[in-house]
2 protein chains.
Amino acid sequence: MADVNIRGASSPVSTAVAGAPGPAWDLIELLFFAYRDFVGDADAVLAEFGFGRAHHRVLHFVHRNPGIKVADLLDILKITKQSLGRVLKQLVDEGYVIQKEGEIDRRQRLLYVTGKGKDLALKLANLQTERIARALAHAGPQVRESACRFLSAMVDADSRDQVLRMIAR
Amino acid sequence: MADVNIRGASSPVSTAVAGAPGPAWDLIELLFFAYRDFVGDADAVLAEFGFGRAHHRVLHFVHRNPGIKVADLLDILKITKQSLGRVLKQLVDEGYVIQKEGEIDRRQRLLYVTGKGKDLALKLANLQTERIARALAHAGPQVRESACRFLSAMVDADSRDQVLRMIAR
DNA sequence: TATTTACGTCAGCCATATTGACATATTTTG
DNA sequence: CAAAATATGTCAATATGGCTGACGTAAATA
């Protein structure tokens with residue numbers, strides 16, 4: 001079970017790379033199932049706090065980018081300011097996130113997590129990290145680097161550098 | 001740019017595996033961004049047909065599992081029959097999916113894609129395969145196997161065998 | 001025959017996304 | 001300085017895709 005035979009690089013379906021296509025069913029479906037279970041971990045915890053996945057995403061990126069501008073957060077999440085507005089307001093009202101006026105540009109509302117916000121962000125990140133650690137233990141830790149390379153190459157070329165810069169901190 | 005330095009296996013953050021944790025920020029965020037852009041590809045096409053992501057998922061799994069029972073589809077998607085009902089009805093009404101009475105058990109409504117359904121399913125899968133092919137070309141095709149191993153290990157242990165069996169066809 | 005199963009459906013609710021319009025404060029530019 | 005552009009917030013309406021709970025029907029099974 002440890003070395004599962006998921007069409008290795010030599011199997012017919014994986015020739016998508018080489019140019020004799022046929023859809024890459026394996027990666028298409030693995031991405032679906034892996035992501036489904038990956039985001040599922042946090043749901044139970046979020047429910048206790050009366051939050052949903054949208055709150056998680058906002059909290060996560062504010063935690064990871066202290067002092068981020070609203071506009072930049074919108075760009076990361078690729079949602080509208082109206083959609084962000086609602087969840088952000090809840091996070092602020094309940095004391096998980098604070099907004100500070102920008103010192104240079106006072107139109108900006110720079111976002112920071114509070115102590116409470118940090119605690120929740122870390123609690124959720126630790127849950128997800130546990131799944132990742134189990135996965136690496138199971139698949140062999142040497143797959144880590146390749147998995148990172150593959151996933152970063154899956155990001156739109158436009159945003160890839162920005163994403164890698166954020167991660168590299 | 002081809003070999004991006006995303007914290008290799010020796011960097012401090014990646015010690016999550018070894019037991020000196022700290023959240024695995026890199027993989028957490030790469031999964032988010034990779035999936036965001038991966039599912040985004042299909043959206044424009046789906047909009048032309050008046051469908052959404054829910055229709056895509058149903059169409060995909062019916063296409064890949066001809067004759068699947070409603071109950072099994074629910075199990076894969078992890079949604080309720082009421083949620084499935086709405087999108088499935090649209091796909092049936094508009095001629096992308098057909099339901100056949102089971103021959104052995106006539107209570108079952110076995111699901112199949114029509115020609116039209118197959119065309120759309122393949123159109124969407126090809127879009128996603130193109131992104132995967134570009135990613136593999138960029139990251140180096142040798143990462144494919146590791147990426148598959150990692151992603152399958154990320155799936156819940158409960159459903160992993162079932163998922164791998166589906167993919168292995 | 002009685003029960004269970006597979007599926008469908010009605011009704012209502014919730015979370016999260018959208019578009020479009022408009023308001024306010026502040027910075028930048030001509 | 002006045003005008004324009006920018007950063008953000010907000011109101012209103014709408015769509016999508018989840019959910020629970022209740023109920024119905026046909027067919028298989030005990």
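Letters A, B, ... are given to chains in the order of the sequence lines, protein chains preceding strands, and every chain is numbered from 1.
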What is the per-nucleotide protein-contact pattern of nucleotides 15-28 of chain C, from the 5' end, where B denotes a base atom under 4.0 Å from a protein heavy atom, S denotes such proximity for sugar-phosphate atoms only, and - denotes neither? -BBBBBB---BBS-
Please verify the inter-ring angle class for A:Phe38 with A:Tyr35; under 30° counts as parallel, over 60° as perpendicular, anything in between as tilted. tilted
Provide, to the nearest angstrom, the distance between the [atom1] atom belonging to [X] and the [atom2] atom belonging to [N].
X	N	atom1	atom2	value
B:Leu46	D:dT16	CG	P	12 Å
A:Ile68	D:dT8	CD1	P	10 Å
B:Leu74	C:dA6	CG	P	12 Å

With a 3.5 Å cut-off and sequence neighbours excluded, list the donor-acceptor pairs that the side chains of residues 89-100 of chain A form with protein atoms.
residue	atom	partner	partner atom	Å
A:Lys89	NZ	A:Asp93	OD2	3.1
A:Gln90	OE1	A:His55	NE2	3.1

Is the shortest side-chain N/O distance from B:Gln108 to OP1 or OP2 of D:dA28 below 4.0 Å? no
Closer than 3.5 angstrom, by distance alone: can the side chain of B:Ser152 be matched with the main-chain N or O of B:Arg149 as a donor-acceptor pair?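 Yes, the answer is positive, given that a donor and an acceptor are paired below the 3.5 Å cut-off.
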Counting neighbours of CD on B:Glu103 that are heavy atoms of other residues, nucleotides or ligands and sit closer than 6.0 Å, is the number greater than 12? no
To the nearest 0.5 Å, what is the distance between CG on B:Leu111 and CZ on B:Phe61? 13.5 Å
Under the side-chain contact (heavy atoms from CB on, under 4.5 Å) test, which residues partner A:Leu74, sequence neighbours left out? A:Val70, A:Ile79, A:Lys81, A:Leu84
